[in-house]
Amino acid sequence: MTFTNLIKHKYKLALGISLLFHVSAIIGLLFTEYSDFFINNTPLNLIISLVLLFYTHQKINKSLWLFFSACIFAGLTYEIIGINTGFLFGDYEYSTVMGYKIWGVPILLGNLWFITMYSVGTLTSQTYTWFKVNYNFNISKDLELHVLAITGAFAAVFLDLFLEPVAIKLNFWQWYPLGEIPIYNYICWFFGSLILQYLFVNLSFNKQNKFAVYLYAIQLIFFITISFFYK
């Protein structure tokens, strides 16, 4: 098996596993009496998604580990500040669904931040490369970095628009005092994501992981479906 075929095999295997878990969750939440089972196993889905991203990433290096560590640290720091001060995101609180917490924040939230930042960064990078190749789209290197980082941050906020209502419905976290999601949450998401996206575009590691793009699309479809149809 050639290297190219091996990579394609990895993408297909990872895509199949991710679809299996997300489609099963949709069916379980919408059409069975075992919704609690699927909700309580959300941490497992997060861990599997993380493993699959590393499994499909080509040439893992120190820069990728640096980005991973930065996302974990920054994501948890953002959340800890948000939960304990209300200065970031707004007034909210996590349930026990996401597992063990430190200072009120589930540790797995660090994984979620990495998964999201890696996926949107890869999505914008590959989209830009496609336009560059097919439409001879060229801009200066400095402007390119700004465009990629800002677009990645917007992609993260777009995903969060559909994630938030689902998180409330599935009791991952709740907003206070009236359960309404503040606009301020999305503003903080944008700027928090923007910092990490600048790091993403400036670090030297492979950014051509098709599975990350698939995962973003799968998660988006999952959140939209559950947001509209889960009661």
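Numbers here are sequence positions counted from 1.
The two residues Y11 and Q58 have their closest heavy-atom pair at OH-NE2, 3.4 Å. S18 and L215 get closest at one heavy-atom pair: OG-CD1, 3.5 Å. Heavy-atom minimum distance, V97 versus N171: CG2-O, 3.6 Å. Across N209 and Q126, no two heavy atoms sit closer than the pair N-OE1, 2.7 Å. When all heavy atoms of N206 and Q208 are compared, the pair lying nearest together is OD1-N, 2.8 Å. Minimum heavy-atom separation, K169 to S227: NZ-O, 2.6 Å.
No donor-acceptor pair under 3.5 Å is formed between the side chain of K101 and the backbone N or O of I107. Side chain of T116 to main chain of W113: no donor-acceptor pair is present (N/O by atom type, distance under 3.5 Å, no hydrogens or angles). Looking at N185, its side chain never comes within 3.5 Å of a backbone N or O of D91 through a donor-acceptor pair. Not one N or O on the side chain of T122 forms a donor-acceptor pair closer than 3.5 Å with the backbone of A212. Checking side-chain atoms of Y216 against main-chain N and O of A155 turns up a donor-acceptor pair under 3.5 Å. Between the side chain of E79 and the backbone N or O of L109, no donor-acceptor pair lies under 3.5 Å. Using a distance-only test at 3.5 Å, with no hydrogens or angles considered, a donor-acceptor pair links the side chain of T42 to the main chain of I39. Here the side chain of T56 pairs a donor or acceptor atom with the backbone of L53 at under 3.5 angstrom. Side chain of E93 to main chain of I83: no donor-acceptor pair is present (N/O by atom type, distance under 3.5 Å, no hydrogens or angles). No donor-acceptor distance shorter than 3.5 angstrom exists from the side chain of N41 to the backbone of L44, with no hydrogens or angles considered.
In this pair, F89 and Y78 present their aromatic rings perpendicular. The plane angle is above 60°, beyond the 30 to 60° band. Ring pair F154/F190 is tilted by interplanar angle, where 30° to 60° counts as tilted.
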Could you go step by step and tell me if L52 and L15 meet the side chain to side chain contact (heavy atoms under 4.5 Å, CB included) rule?
CA-CA 9 Å; L52 291 176; L15 177 60; over 6 Å; no

Given N111 and I72, is the side chain to side chain contact (heavy atoms under 4.5 Å, CB included) satisfied, shown in steps?
CA-CA 6 Å; N111 285 359; I72 298 293; 3.6 Å; yes

Side chain to side chain contact (heavy atoms under 4.5 Å, CB included) between L50 and L112, intermediate numbers included
CA-CA 8 Å; L50 177 67; L112 178 60; over 6 Å; no

Can you check side chain to side chain contact (heavy atoms under 4.5 Å, CB included) on L123 and T151, steps first, answer last?
CA-CA 10 Å; L123 170 66; T151 305; over 6 Å; no

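Going from atom OG of S119 over to atom CD1 of I218 covers 10.0 Å, rounded to the nearest 0.5 Å. Between the CD1 atom in I168 and the CG atom in L163 there is a gap of 10.0 Å [rounded to 0.5 Å]. Between atom CD1 of residue I150 and atom CG of residue L145 there is a gap of 10.5 Å, rounded to the nearest 0.5 Å. A distance of 12.0 Å separates NZ in K141 from NE2 in H146, rounded to the nearest 0.5 Å. One finds the CG atom of L66 at 9.5 Å from the SG atom of C71 (value rounded to the nearest 0.5 Å). Atom CG of residue L148 and atom NZ of residue K207 lie 9.0 Å apart, to the nearest 0.5 angstrom.
Between F211 and H57, a ring centre-to-centre spacing not shorter than 6.0 Å is recorded. Taking the six-membered ring where the residue is Trp, the centroids of W65 and F205 are separated by 6.0 Å or more. Residues F68 and F114 place their aromatic rings such that the two centres sit under 6.0 Å apart. Aromatic rings from Y92 and Y176 are positioned such that their centres are separated by 6.0 Å or more.
Cluster membership for L203 and F73, using ILVMFWY side-chain heavy atoms within less than 4.5 angstrom, is not shared. When hydrophobic clusters are built by joining Ile, Leu, Val, Met, Phe, Trp and Tyr residues whose side-chain heavy atoms come closer than 4.5 Å, directly or via intermediates, Y214 is not grouped with L20. Criterion: ILVMFWY side-chain heavy atoms under 4.5 Å apart, direct or through other members. Under it, F31 and V166 are part of a common hydrophobic cluster. Side-chain heavy atoms closer than 4.5 Å link hydrophobic residues (I, L, V, M, F, W, Y) into clusters, and following such links, possibly through other members, connects F87 to I181. Each of V23 and I221 belongs to its own hydrophobic cluster when Ile, Leu, Val, Met, Phe, Trp and Tyr are linked at side-chain heavy-atom distances under 4.5 angstrom.
Annotation: I183, atom CD1; neighbour count of heavy atoms from other residues, nucleotides and ligands within 6.0 Å does not exceed 12. Atom OH of Y230 has more than 12 heavy atoms from other residues, nucleotides or ligands within 6.0 Å. Within 6.0 Å of atom OH in Y184, more than 12 heavy atoms from other residues, nucleotides or ligands are found, so the atom counts as buried in its surroundings. The environment of F54 atom CZ is dense: over 12 non-hydrogen atoms of other residues, nucleotides or ligands sit within 6.0 angstrom.
You'll find the side chain of S95 stays beyond 4.5 Å of the side chain of Q174, heavy atoms only. Annotation: side chain of E164 is in contact with side chain of W173 (closest heavy-atom distance under 4.5 Å). Looking at M117 and L199, their side chains never come closer than 4.5 Å, going by heavy atoms from C-beta outward. By the 4.5 Å heavy-atom criterion applied to side chains, F67 and S63 are not counted as neighbours. Between I47 and L108 there is a side-chain heavy-atom pair separated by less than 4.5 Å. Using a 4.5 Å cut-off on side-chain heavy atoms (C-beta onward), L170 and L29 make contact.
K132 meets the salt bridge (Lys or Arg N to Asp or Glu O under 4.0 Å) test with E144; sequence neighbours excluded.
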